[in-house]
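To start, the structure itself, in C-alpha cells.
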Amino acid sequence: MTSTDLDPEVRDLLVTAAHPADLDLARLHTRLAAAAEVTGVLDVAYRTLDTPVGTLLLAATERGLLRVAFAAEDHDAVLASIAARISPRILHAPVRLDDAARQLGEYFERRRQAFDLPLDLSRSTGVRRALLGQLRAIEYGRTASYAAIAVAAGSPRAVRAVGSACATNPLPVVVPCHRVVRSDGTIGQYLGGTDAKRTLLRLESAA
Amino acid sequence: MTVQEPFELVVARHGGTVLRVCRAVLGPVDADDAWSATFLSALVAYPQLAPDSNVEAWLVTIAHRKAIDHTRATSRRAVPVDVLPERAASPGADARDLDLWSALAALPTKQRQVVAYHHLGGLAYAQVADLLGGTAVAARRAGADGIATLRRTYGATASASNSRRQQ
C-alpha cells in the first residue's frame with residue numbers, strides 16, 4: 001500500500017464516518033463461523049470458558065476436542081501454535097464446543113464425574129498416546145503416583161515419561177493428569193499451576 | 001514451512017475495513033452477503049497465501065470479485081415490480097452513515113469503486129487499475145472526481161452534523 005498518495009483528510013472523513021458498529025461485525029462473525037462449519041472449511045474452532053481454575057481455552061477439530069489450555073499457558077500462544085502445527089483455519093466458533101463447555105460446567109459444579117466427548121488425540125502418538133490412555137483410566141476422586149502409572153503402562157522405569165506426558169497433556173481436566181501425584185504424597189507439578197491442581201483435587205474429594 | 005497466524009486475527013484486524021468497502025460498493029444491505037462471501041473464500045484460500053502478502057489488499061481484491069458476483073446474481077434475480085420496496089436500514093447505522101452510503105451510491109460506478117478500494121480499502125491506484133481496468137492515472141482522476149463530489153454532497157452534511165454535535 002502506498003500511503004503517500006492517500007489524502008489523509010479524506011480518508012479520515014470517510015473512515016470515521018463509515019465505522020461499522022461493532023454489533024454488526026459480531027453478527028457477521030457468527031454468520032461466518034456457521035457458514036465455515038457447514039461447508040467443512042473450519043479446521044479448528046475455539047471458545048473460552050470461565051471456571052474455578054481460571055479461563056480455559058477449548059479448541060476442537062471436526063474429529064473432537066483437540067486442546068484445553070489454562071490462562072497460564074497464554075491462549076494467544078496456544079492458538080498460534082495450533083495454527084503452525086495443524087491449520088491456520090481457526091475461528092472463534094463456540095457452537096462446536098457447546099457440548100464440551102456444558103460437560104466441563106457440570107464437572108466444576110460437581111454434577112459430572114466422567115466426560116463423554118469425542119477427543120482428537122491424533123497429535124499424540126506412541127508412548128505418549130499410551131500414557132494418556134492410562135491417565136484417562138484414573139477414576140474421579142482417586143489419585144495415582146507417577147510410578148504407579150509407569151507400572152500400569154508396562155514400563156516401570158518410565159516415570160520421567162509419565163511426568164512429561166502430564167506436562168504436555170493437550171487436554172488437562174478432561175484427561176485427568178491432575179490425579180497424578182508424587183509417591184511421597186506431595187502434590188507434584190501441574191501445567192495449570194499447583195493451585196489449580198489443588199482446586200481440582202479438592203473439588204473431586206468433596207463429592 | 002511458513003507460519004500463519006490464526007484466521008480469527010485476520011477477521012478481527014480487517015473485518016471493519018472489508019465491511020466499509022462492501023458497503024461503499026453495494027450499499028449497507030447487500031454488503032453483509034459480500035462480506036460473508038469474502039471471508040469464507042479467504043478462509044478456504046488462507047493456508048496457500050504467500051507469507052509476505054499484504055493481507056488487507058488480498059481481502060479487498062476478493063471483496064471486489066464478490067461484489068461483482070453479487071451484482072450479477074441480483075440482476076439475474078431482478079423482476080419488474082410496480083412499487084419499489086423501501087431499502088431497510090442496517091441495524092446500528094446512524095443517520096449520518098446512511099447519508100454517506102446515499103452519497104456514495106449517487107456516484108458513477110467507477111468513481112464509487114475507486115473511493116471504496118483506494119480511500120477505504122487502502123489499495124494503491126495501480127492496484128485499483130488492475131482490478132477495474134484502465135490506468136492508474138485514470139483511477140486517480142476518477143477517485144479525485146468522486147471525492148470532490150462527496151465533499152459537496154456528503155461532506156456538507158457531515159460537517160453540519162458535526163457542528164450540531166459540538167453545540
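Each chain gets a letter, A, B and so on, in the order its sequence line appears, and its residues count up from 1. Values in this document were obtained by computation on a predicted structure and should not be read as measured data.
- Within the 4.5 angstrom heavy-atom criterion, only side-chain atoms of Y46(B), from C-beta onward, approach chain A.
- Counting heavy-atom pairs closer than 4.5 Å to chain A, the top residue among L9(B), D33(B), V10(B) is D33(B).
- Atoms CZ and NE2, from F7(B) and H92(A) in turn, are 15.5 Å apart once rounded to the nearest 0.5 Å.
- Proximity to chain A (any heavy atom under 4.5 Å) is shown, for V44(B), by both the backbone and the side chain.
- The local environment of CZ in R111(A) is crowded, with over 12 non-hydrogen atoms from other residues, nucleotides or ligands closer than 6.0 Å.
- E5(B) places none of its side-chain heavy atoms less than 4.5 Å from the side chain of D76(A).
- Annotation: Q189(A), atom CD; neighbour count of heavy atoms from other residues, nucleotides and ligands within 6.0 Å does not exceed 12.
- Around atom CZ of R63(A), no more than 12 heavy atoms belonging to other residues, nucleotides or ligands sit under 6.0 Å away.
- Between P88(A) and Q4(B) the shortest heavy-atom distance is CG-OE1, 3.6 Å.
- Within a 6.0 Å sphere centred on CZ of R47(A), other residues, nucleotides and ligands contribute more than 12 heavy atoms.
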Begin with the C-alpha distance, continue with both residues' side-chain angles, and end with the deciding distance and a verdict on side chain to side chain contact (heavy atoms under 4.5 Å, CB included) for F39(B) and L28(A).
CA-CA 10 Å; F39(B) 276 100; L28(A) 287 170; over 6 Å; no
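- For residues 34-41 of chain A, heavy-atom neighbours of chain B at less than 4.5 Å comprise A35(A), A36(A), T39(A), V41(A), sorted by residue number.
- With sequence neighbours excluded, no residue satisfies salt bridge (charged side-chain N to carboxylate O under 4.0 Å, His left out) with R142(A).
- The ring pair (Phe, Tyr, Trp, His ring centres under 6.0 Å) contacts involving residues 58-82 of chain A comprise F70(A)-Y190(A), where partners must be two or more places apart or lie in separate chains.
- Between atom CG of residue L91(A) and atom CD of residue E8(B) there is a gap of 5.5 Å, rounded to the nearest 0.5 Å.
- Shortest non-hydrogen contact noted between R27(A) and D32(B) is NH2-OD2, 3.0 Å.
- Only the side chain of R31(A) comes within less than 4.5 Å of a heavy atom in chain B; its backbone stays farther off.
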Side-chain donor/acceptor pairs under 3.5 Å, residues 106-115 of chain B, sequence neighbours excluded:
from, atom 1, to, atom 2, distance (Å)
Q111(B), OE1, G146(B), N, 3.4
R112(B), NE, V25(B), O, 3.3
R112(B), NH1, L107(B), O, 3.2

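- Nearest heavy-atom pair, L40(B) versus L32(A), reported as atom, atom and distance to 0.1 Å: N-CD1, 3.6 Å.
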